[in-house]
Peer 1: 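I have a structure I would like to understand better, so I am pasting it below and will then ask my questions one at a time.
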Amino acid sequence: MGRYSRVRRIRRMDPRQDFEQIYRWIIHHEFPRDYLHGTSIAFLRDYAVPDISRLLDRTQEFERAGQKRYDDTVLITYEMVREGMDSEHGRAAARHLNRIHGRYRIANEDFLYVLATTVVGPKRWIDRYGWRRLCEQETESLALVGRRMGELMGISGVPDTYAAFERLHDDYEREKFAYDPANRRVAAATLRIMAAWYPAPVRRLASRAALAVLDEPLLTALGFSPEPPWLRTAVHRVFRARAVLIRLLPARPERFPRKPEARTYPFGWTLDDLGPHWAHSRPTTPLQDETPPDRAPGAEQAPGPERPSTAGQPLAPHAPRQETR
């Protein structure tokens with residue numbers, strides 16, 4: 001397969017119908033590493049918002065089990081799209097994610113922003129450092145996957161185009177980015193996780209290289225000083241050189257998708273492995289487009305107060321364990 005064969009095929013597809021297939025090609029074949037790099041930067045952007053970072057700081061998830069928290073965040077998205085978001089497995093993953101979020105009181109606008117970072121972050125990284133820019137069909141597929149995820153999570157007001165996600169993302173950052181000590185603590189814990197992926201002698205350099213690709217408003221909100229211009233230039237050139245090398249390689253064959261490499265789960269994982277240990281003791285409720293058993297047509301409903309629905313509450317019954325490798 002030629003390097004540009006798959007993108008020529010993608011350009012003939014309709015993202016409204018084929019967005020999940022296009023998305024899988026992005027994350028498994030065309031840009032597997034770059035997508036993860038963009039997602040990692042998206043995590044750091046979340047921490048520049050005090051309301052978000054204070055919650056993460058209180059949970060101490062990144063301090064106690066940072067690598068697992070990072071892996072679980074990546075893997076739960078993978079599980080939602082692996083067989084299709086509306087497949088039985090995809091819906092089970094969405095229920096599990098909602099069960100985890102349901103423990104916390106999270107504003108809808110914060111959910112929207114975090115979702116937007118998972119759409120805008122990878123797109124901007126790939127356009128800057130990937131072996132080519134995303135085509136229009138790929139860009140809109142990222143947005144449509146984000147929209148469907150938002151719907152399954154019960155988030156209201158989710159955009160349905162990339163341009164709308166980008167406006168939401170940038171407007172929110174202009175309003176909400178602000179320094180807070182919790183921002184720096186959570187960001188520093190995440191940088192330690194990323195640095196630990198490398199041999200000990202180069203970990204400090206790896207952390208500085210990660211900071212070198214961050215923009216100044218983000219660095220200010222996280223409480224870090226900008227890296228010197230020479231380092232920023234050097235890191236930029238290294239990533240651009242990498243892009244040139246990848247462009248010269250053959251395309252990844254369809255039969256060899258690059259799957260997530262979770263350091264926490266060297267022997268594989270199940271959906272039940274993902275998330276904090278307490279998550280599985282929490283009850284679940286149906287997704288918004290599912291009918292709860294006690295409200296099925298013809299079923300009698302016991303009287304009682306009606307529970308309000310808020311974005312981020314758990315949304316569905318627990319699914320059986322499914323082995324993933």
Side-chain angles (χ1 to χ4, degrees), residues 1-39 41-42 74-91 93-94 97 111-172 243 246-247 251-260 287-289:
M1 176 183 285
R3 170 49 80 183
Y4 290 88
S5 298
R6 190 174 283 114
V7 69
R8 284 195 290 268
R9 182 177 176 184
I10 290 171
R11 287 186 177 124
R12 296 192 297 269
M13 298 171 73
D14 180 358
R16 292 280 169 179
Q17 296 180 0
D18 304 316
F19 64 92
E20 288 187 88
Q21 177 58 63
I22 294 172
Y23 180 81
R24 283 191 285 268
W25 277 333
I26 291 171
I27 67 174
H28 295 313
H29 293 87
E30 295 289 277
F31 305 100
R33 285 288 186 187
D34 288 298
Y35 181 85
L36 287 177
H37 288 320
T39 300
I41 298 301
V74 171
L75 294 176
I76 197 72
T77 302
Y78 167 74
E79 291 299 320
M80 287 178 71
V81 302
R82 179 163 66 90
E83 298 176 10
M85 286 185 285
D86 284 299
S87 67
E88 181 179 351
H89 185 73
R91 285 175 168 268
L97 178 62
F111 269 122
L112 278 172
Y113 172 67
V114 172
L115 184 64
T117 63
T118 67
V119 174
V120 177
K123 155 73 171 169
R124 288 182 172 174
W125 178 275
I126 291 169
D127 284 353
R128 186 180 185 188
Y129 292 125
W131 64 271
R132 63 169 173 84
R133 295 173 66 88
L134 290 179
C135 68
E136 180 182 349
Q137 290 79 4
E138 290 168 321
T139 299
E140 289 309 316
S141 293
L142 286 179
L144 291 168
V145 167
R147 177 175 177 79
R148 186 60 186 139
M149 285 185 178
E151 291 171 347
L152 292 171
M153 293 171 66
I155 303 172
S156 61
V158 182
D160 63 354
T161 66
Y162 177 79
F165 266 112
E166 192 170 47
R167 283 194 301 272
L168 185 155
H169 176 278
D170 293 346
D171 290 347
Y172 183 97
I246 293 175
R247 194 179 302 129
R252 180 176 287 274
E254 197 73 18
R255 63 185 181 278
F256 294 130
R258 188 181 187 97
K259 297 182 180 179
L287 299 172
Q288 287 189 339
D289 59 357

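FYI, the numbering just counts along the sequence from 1.
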Peer 1: For Gly146 and Val119, work out which heavy atoms get closest and say how close.
Peer 2: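 Reported closest heavy-atom pair: CA-CG2, 4.0 Å.
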Peer 1: With a 4.5 Å limit on heavy-atom distance, are the side chains of Arg3 and Trp131 in contact?
Peer 2: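 Arg3 reaches Trp131 side chain to side chain.
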Peer 1: Among residues at least two apart in sequence or on other chains, which ones pass ring pair (Phe, Tyr, Trp, His ring centres under 6.0 Å) with Tyr162?
Peer 2: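 So Tyr162 forms no ring pair (Phe, Tyr, Trp, His ring centres under 6.0 Å) with any residue.
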Peer 1: How close do Cys135 and Val7 get, heavy atom to heavy atom, and via which atoms?
Peer 2: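 That would be SG-CG2, 4.2 Å.
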Peer 1: Please identify each residue that fulfils side chain to side chain contact (heavy atoms under 4.5 Å, CB included) with Ser87, with sequence neighbours left out.
Peer 2: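 Checked Ser87 against side chain to side chain contact (heavy atoms under 4.5 Å, CB included); matches are Glu83, His89.
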Peer 1: Answer yes or no: is there a side-chain heavy-atom contact under 4.5 Å between Leu142 and Phe165?
Peer 2: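 Counting from C-beta outward, Leu142 and Phe165 never come under 4.5 Å.
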Peer 1: List the residues meeting side chain to side chain donor-acceptor pair (under 3.5 Å) with Arg124, not counting sequence neighbours, and say none if there are none.
Peer 2: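 If we apply the side chain to side chain donor-acceptor pair (under 3.5 Å) test to Arg124, skipping adjacent residues, the hits are Glu166, Asp170.
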Peer 1: Looking at residues at least two apart in the chain, or sitting in another chain, which of them share a ring pair (Phe, Tyr, Trp, His ring centres under 6.0 Å) with Tyr35?
Peer 2: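 Only Tyr23 meet the ring pair (Phe, Tyr, Trp, His ring centres under 6.0 Å) criterion with Tyr35.
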Peer 1: For the atom pair CZ (Arg11) and OH (Tyr4), what is the distance rounded to the nearest 0.5 Å?
Peer 2: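 Result: 9.0 Å between the selected atoms.
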Peer 1: Ring pair (Phe, Tyr, Trp, His ring centres under 6.0 Å) with Tyr113: which residues, sequence neighbours excluded?
Peer 2: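 Partners of Tyr113 under the ring pair (Phe, Tyr, Trp, His ring centres under 6.0 Å) test: His169, Tyr172.
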Peer 1: With sequence neighbours left out, write down each residue that passes side chain to side chain contact (heavy atoms under 4.5 Å, CB included) with Arg12, or none if nothing qualifies.
Peer 2: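 Side chain to side chain contact (heavy atoms under 4.5 Å, CB included) check on Arg12 returns Arg8, Arg9.
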Peer 1: Is a donor on one side and an acceptor on the other found under 3.5 Å between the side chain of Arg24 and the backbone of Val81?
Peer 2: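 Here the side-chain-to-backbone pair exists.
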Peer 1: What's the spacing between Leu144 CG and Ile22 CD1 if we round to 0.5 Å?
Peer 2: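 Spacing of CG (Leu144) from CD1 (Ile22) equals 9.0 Å.
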Peer 1: The criterion is side chain to side chain contact (heavy atoms under 4.5 Å, CB included); which residues satisfy it with Leu112, sequence neighbours excluded?
Peer 2: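 Per chain and number, Leu112 pairs via side chain to side chain contact (heavy atoms under 4.5 Å, CB included) with Asn108, Ile155, Val158, Pro159, Leu168.
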Peer 1: Taking only residues two or more places apart in sequence or in another chain, which ones pass side chain to side chain donor-acceptor pair (under 3.5 Å) with Arg148?
Peer 2: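 Side chain to side chain donor-acceptor pair (under 3.5 Å) check on Arg148 returns Asp86, Glu151, Asp289.
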Peer 1: Please identify each residue that fulfils side chain to side chain contact (heavy atoms under 4.5 Å, CB included) with Arg133, with sequence neighbours left out.
Peer 2: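 With sequence neighbours excluded, Arg133 shows a side chain to side chain contact (heavy atoms under 4.5 Å, CB included) to Asp127, given in chain and number order.
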Peer 1: So, taking the atom named CG in Leu115 and the one named CE in Met149, what distance separates them when rounded to the nearest 0.5 Å?
Peer 2: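 Those atoms lie 8.0 Å apart.
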Peer 1: A side-chain contact here means heavy atoms from C-beta on lying under 4.5 Å apart; do Arg252 and His28 qualify?
Peer 2: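 No. Closest side-chain heavy atoms not under 4.5 Å.
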Peer 1: Considering non-hydrogen atoms only, spot the tightest contact between Pro15 and Ser141 and give its length.
Peer 2: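 For Pro15 and Ser141, the tightest heavy-atom pair comes out as CB-OG, 3.6 Å.
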Peer 1: To the closest 0.5 Å, what do you measure between CD (Glu138) and CH2 (Trp25)?
Peer 2: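 Atom-to-atom, Glu138:CD and Trp25:CH2 are 10.0 Å apart.
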Peer 1: Asp171: what forms a side chain to side chain donor-acceptor pair (under 3.5 Å) with it, not counting sequence neighbours?
Peer 2: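 Once residues adjacent in sequence are excluded, the partners of Asp171 under the side chain to side chain donor-acceptor pair (under 3.5 Å) criterion are Arg174.
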Peer 1: Can you confirm whether Tyr129 sits close enough to Arg33 that some side-chain heavy atom of one is under 4.5 Å from a side-chain heavy atom of the other?
Peer 2: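 No, every pair of side-chain atoms sits at 4.5 Å or beyond.
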Peer 1: Between Ile76 and Ala93, what is the shortest heavy-atom contact and its length?
Peer 2: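 It is CD1-O, 3.8 Å.
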Peer 1: Measure the CD-CG distance between Glu140 and Asp14 for me, rounded to the nearest 0.5 Å.
Peer 2: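 Reported value, rounded in 0.5 Å steps: 11.0 Å.
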Peer 1: For Arg6, give me all partners under salt bridge (Lys or Arg N to Asp or Glu O under 4.0 Å), at least two apart in sequence or on another chain.
Peer 2: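 Testing Arg6 for salt bridge (Lys or Arg N to Asp or Glu O under 4.0 Å), a comparison that skips the adjacent residues, returns Glu30, Glu254.
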Peer 1: Thr139: which residues meet the side chain to side chain donor-acceptor pair (under 3.5 Å) condition with it, sequence neighbours left out?
Peer 2: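 With neighbours one apart ignored, the set is Lys123.
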Peer 1: Could you give the distance from CG (Leu134) to CD1 (Ile26), rounded to the nearest 0.5 Å?
Peer 2: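 Interatomic distance, Leu134 CG to Ile26 CD1, rounded to 0.5 Å: 5.5 Å.
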